[in-house]
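All residue numbers refer to positions in the sequence shown, counting from 1.
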Amino acid sequence: MRLFYFMNTTNFYIPKNIYSAFLALTTPALSTYNFITKNASLITRELNGDKDAIGLIPSCELINNKNIFVSSKIAISFDGPLSNSYFYFKPNQKELSKIFLRGDVTLNEVLLSKILFTELYSTNPEFIIDTKQKLSDVDNYIIAGNENLDSRVFGKGMSLSDEIAELIDYPYVNFVVASYNQEKIEKLNKAMLNLDEIVEENLDKILKKIDLSNNIETFVRDNIDSVYFELTENEVDGLKELIKQLYYHGLIEDLFEISFV
């Protein structure tokens with residue numbers, strides 16, 4: 001599905017979630033890009049096939065794509081109740097043995113949840129991709145992406161981003177802007193200045209285009225200050241700490257330098 005289409009422009013792959021839409025709808029400077037929405041887990045594959053394309057990729061994908069260039073200016077980060085992923089726990093349970101994964105699941109949900117359950121609950125549950133059409137009332141879930149906006153679950157989950165941010169003591173960098181073409185990233189960096197300020201100034205217009213239900217729109221408005229579209233030194237340190245956590249918990253073999261541009 002294509003969000004916008006312009007001939008002879010750079011392809012910009014973004015995940016199917018409202019925060020990616022915020023970024024795409026933020027500034028006229030992005031009107032020259034051909035936005036294409038994909039499942040978040042598939043975007044890195046698109047970049048490997050199109051070296052001139054840009055993508056908003058899950059941050060943990062960097063462990064398998066260490067040579068990709070990463071914007072030092074643009075990302076999607078969280079440190080509060082707003083999140084792209086949420087935990088939903090069944091009540092009155094004595095142990096967490098199975099966690100079902102739903103929605104636009106990526107490496108981030110799988111790897112970082114393993115760390116959180118080890119750190120917070122001293123447990124190592126089995127993670128299972130949920131193929132059932134309907135949610136169960138007796139299972140635990142991690143739901144990623146826009147499925148969290150469903151009225152059946154909205155407001156009932158625990159923010160994965162909030163838990164990660166508390167663990168690492170930095171904002172949780174969920175998505176980074178990346179490309180194998182360094183010049184494309186440099187050009188984008190120059191076009192995308194003061195993103196957080198622009199989002200705040202244009203919040204009404206953006207929310208109107210996204211068309212959320214009233215209660216969800218109110219929740220987003222009330223907590224938009226917990227989402228960051230600029231990558232500052234604080235977020236860069238958070239991303240580095242995230243990689244360290246993967247290493248300390250044995251989920252990657254070596255630490256590596258991120259190729260920031």
Side-chain angles (χ1 to χ4, degrees), residues 1 3 13-22 36-46 55-61 63-64 76-78 80-121 123-165 167 172-175 210-213 215-217 219-220 223 226-227 242 246 251:
M1 179 179 120
L3 188 60
Y13 294 93
I14 62 173
K16 300 175 182 178
N17 63 59
I18 62 170
Y19 306 105
S20 301
F22 266 51
I36 304 172
T37 57
K38 288 274 185 181
N39 290 340
S41 61
L42 301 178
I43 293 178
T44 307
R45 186 174 69 181
E46 297 290 345
L56 191 61
I57 68 172
S59 53
C60 286
E61 287 285 351
I63 67 176
N64 297 320
I76 298 179
S77 309
F78 304 90
L82 285 183
S83 180
N84 189 55
S85 304
Y86 289 86
F87 295 116
Y88 299 89
F89 297 123
K90 64 183 181 182
N92 303 319
Q93 59 186 317
K94 295 182 179 180
E95 61 179 0
L96 289 165
S97 58
K98 293 182 180 180
I99 307 291
F100 288 88
L101 301 165
R102 288 181 66 94
D104 194 10
V105 177
T106 71
L107 269 180
N108 283 49
E109 284 73 42
V110 176
L111 298 183
L112 299 179
S113 295
K114 287 179 180 290
I115 293 173
L116 285 175
F117 280 106
T118 298
E119 293 287 337
L120 299 180
Y121 305 110
T123 186
N124 184 25
E126 178 184 5
F127 292 90
I128 304 167
I129 297 295
D130 187 22
T131 58
K132 297 189 293 292
Q133 187 173 7
K134 295 183 179 181
L135 288 167
S136 165
D137 293 330
V138 295
D139 290 322
N140 300 302
Y141 290 98
I142 296 171
I143 300 179
N146 285 347
E147 193 171 332
N148 289 293
L149 305 179
D150 191 303
S151 59
R152 294 170 297 176
V153 299
F154 179 76
K156 300 176 182 178
M158 182 174 75
S159 168
L160 177 68
S161 297
D162 198 15
E163 296 299 320
I164 295 172
L167 175 68
Y172 163 45
V173 182
N174 197 159
F175 296 98
I210 296 176
D211 191 26
L212 301 172
S213 63
N215 62 324
I216 296 176
E217 180 176 320
F219 186 76
V220 171
N223 296 285
S226 67
V227 186
L242 208 61
L246 295 174
L251 298 173

Checklist entry - Do any N or O atoms from the side chain of T118 and from the backbone of K114 form a donor-acceptor pair under 3.5 angstrom? => result yes

Next on the checklist: Once rounded to the nearest 0.5 Å, what's the spacing between atom CG of N140 and atom CZ of F100?
Outcome noted: 8.5 Å

Item to check | Shortest non-hydrogen contact from I164 toward L112 | outcome: CD1-CD1, 3.6 Å

Next on the checklist: So, applying side chain to side chain donor-acceptor pair (under 3.5 Å) with S85, which one of E163, E147, E109 is it?
Outcome noted: E109

Checklist outcome for this item: Rounded to the nearest 0.5 angstrom, the CD1-CD1 distance for I57 and I14 is 14.5 Å

Checklist entry - Measuring from T44:OG1 to N64:CG, what's the distance to the nearest 0.5 Å? => result 8.5 Å

Item to check | Distance in Å, N84 CG paired with N148 CG, rounded so as to fall on 0.5 Å steps | outcome: 7.0 Å

Checklist entry - Rounded to the nearest 0.5 Å, how far does CD1 of I143 lie from OH of Y141? => result 7.5 Å

Checklist entry - Just wondering, do L246 and I115 contact through their side chains at under 4.5 Å, heavy atoms? => result yes

Item to check | Any L135 side-chain heavy atom under 4.5 Å of R102 side chain | outcome: yes

Next on the checklist: When you measure from the side chain of N39 to the backbone of S41, do you find a donor-acceptor pair of N or O atoms at a distance under 3.5 Å?
Outcome noted: no

Next on the checklist: Side chains of I63 and L251, heavy atoms from C-beta outward: is any pair under 4.5 Å?
Outcome noted: no

Item to check | Heavy-atom side-chain contact between V220 and V227 under 4.5 Å | outcome: no

Item to check | Partner of I99 under side-chain contact (heavy atoms from CB on, under 4.5 Å), chosen from Y88, F117, F87 | outcome: F117

Next on the checklist: For the CG atom on D137, are there more than 12 heavy atoms of other groups (residues, nucleotides or ligands in this structure) within a distance under 6.0 Å?
Outcome noted: no

Checklist entry - More than 12 heavy atoms of other residues, nucleotides or ligands under 6.0 Å from NZ of K98: is that the case? => result no

Item to check | Test item: P58 and L107 side chains (from C-beta on) under 4.5 Å apart, heavy atoms | outcome: no

Checklist entry - Stepwise, does the side-chain contact (heavy atoms from CB on, under 4.5 Å) test hold for D139 with K132? => result CA-CA 12 Å; D139 290 322; K132 297 189 293 292; 3.9 Å; yes

Checklist entry - Which heavy-atom pair separates Y86 from P81 by the least distance, and what is that distance? => result OH-O, 2.7 Å

Checklist entry - For the side chain of N108 and the backbone of C60, is there at least one donor-acceptor N/O pair under 3.5 Å apart? => result yes

Checklist entry - Between S59 (side chain) and V173 (backbone), is there a donor-acceptor pair under 3.5 Å? => result yes

Checklist entry - With a 6.0 Å cut-off on ring centres, are F175 and Y19 close enough? => result no

Item to check | Exercise: identify the closest heavy-atom pair between G80 and S159 | outcome: O-OG, 2.9 Å

Item to check | Distance (rounded to the nearest 0.5 Å) between D104 CG and N146 CG | outcome: 8.5 Å

Checklist entry - Crowded around K134 NZ? As in, over 12 foreign heavy atoms under 6.0 Å? => result no

Checklist entry - Is there a side-chain contact (heavy atoms from CB on, under 4.5 Å) between V105 and I142 once you walk through the steps? => result CA-CA 9 Å; V105 177; I142 296 171; over 6 Å; no

Next on the checklist: Just so I know, are the side chains of L56 and P15 near enough to count as touching, which here means a heavy-atom distance under 4.5 Å?
Outcome noted: yes

Checklist entry - Run the side-chain contact (heavy atoms from CB on, under 4.5 Å) check on L160 and N174 step by step: do they pass? => result CA-CA 10 Å; L160 177 68; N174 197 159; over 6 Å; no

